[in-house]
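To start, the structure under review is shown below, and the notes come after it.
Chain naming here is simple, since letters A, B, ... match the order of the sequence lines and numbering starts at 1 in each. The basis for the numbers below is simple: all heavy atoms, side chains too, and nothing from hydrogens, waters or symmetry mates.
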Amino acid sequence: MKFDKSLIATLREDPKEAETKNHRLLLRGGFIRQVASGIHTYLPLGWRILLRISNIIREEMDRIDGQELLMPAISPKELWEESGRWQEYGEDMFRLKDRKDREYCLCPTHEEIVADTARHKIRSYRDLPQIWYQIQTKFRDEPRPRSGVLRSRQFIMKDSYSLDCDQAGLDKSFNLHKQAYEKIFKRCGLDFVIVDASSGLMGTGESKEFMALVAGGEDELVICQQCDYRANIQVAEGKGLSASFADIPLEQIATPEKRTVREVTEFLNVPAQNLVKSLFFTAVKKDPILILIRGDYEVNEDKVARLIGHGYEPASAEEIKSVFGAEPGYIGPAGMGKLKIYADDLLLDAQGMITGGNRDGYHVRGLNLGRDVRVTEYADLRKVRSGDRCLKCGGKMTIESALELGHIFKLGTKYSISLGANFLDEKGISKPIIMGSYGIGLERIMACACEQKSDDRGAVWPISIAPFDIHLTILNPNEDIVKNTSADVIRLLTKAGFSVIIDDRDVSAGIKFNDADLIGIPIRVTVGPKGIKNNQLDIHIRETGETHSATQSELVAKCIEMRELLYRRING
RNA sequence: CGGGGCGUGGCGCAGUGGUUUAGCGCGCAUGGUUCGGGACCAUGAGGUCGUGGGUUCAAAUCCCACCGCCCCGACCA
């Protein structure tokens, strides 16, 4: 492909809407173009990357006997009503009507369509297991699209679905996917970890996330420095450090204008673990609840949701005032026996604690949870902190920022039951199909490669997903000798099977080199009058910055060698 | 949805009531000199100043409403 005839528009300056590294690079290099918030055109360079990623995914999915199909991007309301998700999905779902006023959605995911297909096509245990997958556009009206292509409203996902007779079959399909995913991300040249994850509203089964460690990721991971425990902070558990204080009688203490943990600890000169934070949550049509957490920890709302159900939100100041008779910052559990009170298990047997006095400007000292509070249930409700100890090995755990690349989970029968996707087993008994669901965000792989592999000059694409193998830079393209040599070089490289982008624009060398660095093709070959005089062509490796020279007759062999070297660095 | 910021040629920005033709850099077009890490000269094209309303003799500039985009938070199968 010729550079000057292609739809490549590199930008010399950073577009102002881009703040994260991947977003800046993808825009500046002319890989993507934003059309609306969270909606992009994938320009030729970006699309070639996505195609290469798709191919890797296809190869690995086919290897585990996945069958590629394509489901519609649009589907009728009725299917979603059967599963209950027409309601559940709420505003995140794009909805539309046809001319006859029939309602549809733009699919945010495809479990319903899969279950619908299965109920029509799967009859017997003899038809199972199945793995169906597609690479397709998804639509989610995210409340806040961000970071370019990382969280967008229209994006490409490889989603697959396993159908099995029983739990053992599901386990097998799940493990096949886990292995396939490891290969996929490795082949794409990414650094990633596999962590325990929350399955959210999708189901209650086991769930793993494939996470890329990148600065400024949307997720936080808890990683044990000693053993292999890795978990999303949403589900991570750790051994908290216990703290004990002298058991003294309950007494009120004046703490004027001291509301936050920090203010109170500084004012009273006590450590944060001497405090009990009281968090009041309300929900529509449910009893309000009080959560107690030690002062040095934060509440993990995912854990709360799993314990008491979804829908709870922090209460408003007015609600707090009316129930506790005090402003936020001064509320506490003492004397609130009529409320349901859930306490973090680090507070079990806690005594001598300080907490809100349910009176403006006052806290109480000497709180003994067993004596003064009627706790409904103790449970792990805290967010793991850096430095907490691992439950498995006691090692120190740290918290890292990460980006979700893929998510696999065991769905079970949620959709097969609600949509009636059943099969007859060996005994002729009708049973619901056991499903699994597995996703990979294609753009996220592209963006993540930018985050992990680029440098201050531009992108550095892993050879496996680069839009081209070779960037051919032709200097002084109007000189006859250069014209002739470059024509020969193009013929040689193309014949050898390389994909080549040819930059023979009549602009200065610096512009071409800078554009090449920005676009990030792994191998750059330079043809110019100086080199030709010495019978030399330059081969420059984008990743390492090393430059080799080769004669025209050595060129292809040298490029093949470099390409293999780059592949080996990825695949080991 | 809460908080903050921004909308001016393709891109990045300046201009915050009054030199009647709205600037600058980059890019773009034409001609010429250059040519191994973002060259130079000359000429030129390109703008409903986000949209609508209002104030005023006069609005890119002041007021109101709306729209769009970005960031933080909430939310996120």
Checklist entry - Does the cation-pi check pass for A:Arg95 over A:Tyr104, that is, NZ or CZ under 6.0 Å from the six-membered ring centre and within 45° of its axis? => result no
Item to check | Nearest-Å distance once atom C1' is located in both B:G12 and B:C70 | outcome: 15 Å
Next on the checklist: Taking any heavy-atom pair under 4.0 Å as a contact, classify A:Ala9: base, sugar-phosphate, or nothing.
Outcome noted: nothing
Item to check | Opposite nucleotide pairing with B:C66, Watson-Crick or G-U, both atom distances under 3.5 Å | outcome: B:G50
Checklist entry - Does one side chain, of A:Tyr415 or A:Glu82, offer a donor that lies under 3.5 Å from an acceptor on the other? => result no
Next on the checklist: Can a side-chain donor-acceptor contact be found between A:Ser160 and A:Trp132 if the only test is distance below 3.5 angstrom?
Outcome noted: no
Next on the checklist: Assuming nearest nucleotide by heavy-atom distance, tell me which of A:Glu218 and A:Gly38 is located more 5' along RNA chain B.
Outcome noted: A:Gly38
Checklist entry - Distance-only, no hydrogens or angles: does the A:Arg153 side chain make a donor-acceptor pair with backbone N or O of A:Ser37 under 3.5 Å? => result yes
Checklist entry - How is A:Glu91 classified with respect to the nucleic acid when contacts are heavy atoms under 4.0 Å: base, sugar-phosphate, or nothing? => result nothing
Next on the checklist: Can you check the distance between B:C67 and B:C11, where both ends of the measurement are the P atom (answer in whole Å)?
Outcome noted: 23 Å
Checklist entry - Using a cut-off of 4.0 Å on non-hydrogen atoms, how would the nucleic acid contact of A:Ser147 be classed: base, sugar-phosphate, or nothing? => result sugar-phosphate
Checklist entry - At under 4.0 Å between heavy atoms, what does A:Met93 touch on the DNA or RNA strands: base, sugar-phosphate, or nothing? => result nothing
Checklist entry - P atom, B:G68 versus B:C28: distance in rounded Å? => result 33 Å
Item to check | Residue of the set A:Asn535, A:Ile532, A:Ile474 for which side chain to side chain contact (heavy atoms under 4.5 Å, CB included) holds with A:Thr485 | outcome: A:Ile532
Checklist entry - When the P atoms of B:C62 and B:C69 are considered, how many whole Å apart are they? => result 24 Å
Checklist entry - Given the C1' atoms of B:U56 and B:G3, what is the spacing between them in whole Å? => result 35 Å
Checklist entry - Would you say the side chain of A:Arg140 and the base of B:C76 hold a donor-acceptor pair, judged only by whether the two atoms sit under 3.5 Å apart? => result no
Item to check | Length of the line joining A:Leu27:CG and B:C11:P, which is rounded to integer Å | outcome: 12 Å
Checklist entry - Does A:Gln234 place a side-chain N or O at less than 4.0 Å from the phosphate oxygens OP1/OP2 of B:C76? => result no
Checklist entry - Any side-chain heavy atom of A:Asp455 sitting closer than 4.5 Å to one from A:Arg542? => result yes
Next on the checklist: Just the rounded figure in Å: distance from P of B:G10 to CD of A:Glu17.
Outcome noted: 15 Å
Next on the checklist: Pairing donors with acceptors under 3.5 angstrom, does anything connect the side chains of A:Tyr181 and A:Lys158?
Outcome noted: yes
Checklist entry - Would a 4.5 Å heavy-atom cut-off, applied to side chains only, mark A:Lys383 and A:Tyr297 as touching? => result no
Next on the checklist: Between P on B:C11 and CG on A:Asp14, what's the gap in Å once rounded to a whole number?
Outcome noted: 15 Å
Checklist entry - Of all residues at least two apart in sequence or in a different chain, which pass the salt bridge (charged side-chain N to carboxylate O under 4.0 Å, His left out) check with A:Arg306? => result none
Item to check | Atom-to-atom span, CD of A:Glu13 to P of B:A14 - whole angstrom | outcome: 12 Å
Checklist entry - When the P atoms of B:G50 and B:A14 are considered, how many whole Å apart are they? => result 14 Å
Checklist entry - Taking the six-membered ring of A:Phe174, is NZ or CZ of A:Lys410 closer than 6.0 Å to its centre and within 45° of its axis? => result yes
Next on the checklist: Strictly by Watson-Crick or wobble contacts shorter than 3.5 Å, is anything paired with B:A42, and which nucleotide is it?
Outcome noted: B:U30
Next on the checklist: Return the pairing partner of B:C76 with a 3.5 Å limit on both distances, Watson-Crick or G-U wobble; otherwise return none.
Outcome noted: none
Item to check | Distance, rounded to the nearest Å, where A:Glu19 contributes CD and B:G4 contributes P | outcome: 17 Å
Checklist outcome for this item: Rounded to whole Å, CD1 of A:Ile233 lies from P of B:C76 at a distance of 16 Å
Checklist outcome for this item: Whether each nucleotide of nucleotides 32-39 of chain B has a protein heavy atom under 4.0 Å at its base (B), only at its sugar-phosphate (S) or at neither (-) is summarised, 5' to 3', as ---SBBBS
Checklist entry - With rounding to whole Å, what would you report as the distance between B:G18 and B:G52 at their P atoms? => result 24 Å
Pairwise N/O distances under 3.5 Å, protein to nucleotides 73-75 of chain B:
residue: B:G73; atom: N7; partner: A:Arg144; partner atom: NH1; Å: 3.4
residue: B:C75; atom: N4; partner: A:Arg146; partner atom: NH2; Å: 3.4

Checklist entry - Can you tell me how far P of B:C71 sits from CZ of A:Arg24, to the nearest Å? => result 12 Å
Checklist entry - Among A:Glu112, A:Glu111, A:Lys414, which one satisfies side chain to side chain donor-acceptor pair (under 3.5 Å) with A:Ser83? => result A:Glu112
Checklist entry - Taking the same atom, C1', in B:G25 and in B:C64, what whole-Å distance lies between them? => result 36 Å
Checklist outcome for this item: Any strand, both distances under 3.5 Å, Watson-Crick or G-U wobble: B:U19 pairs with none
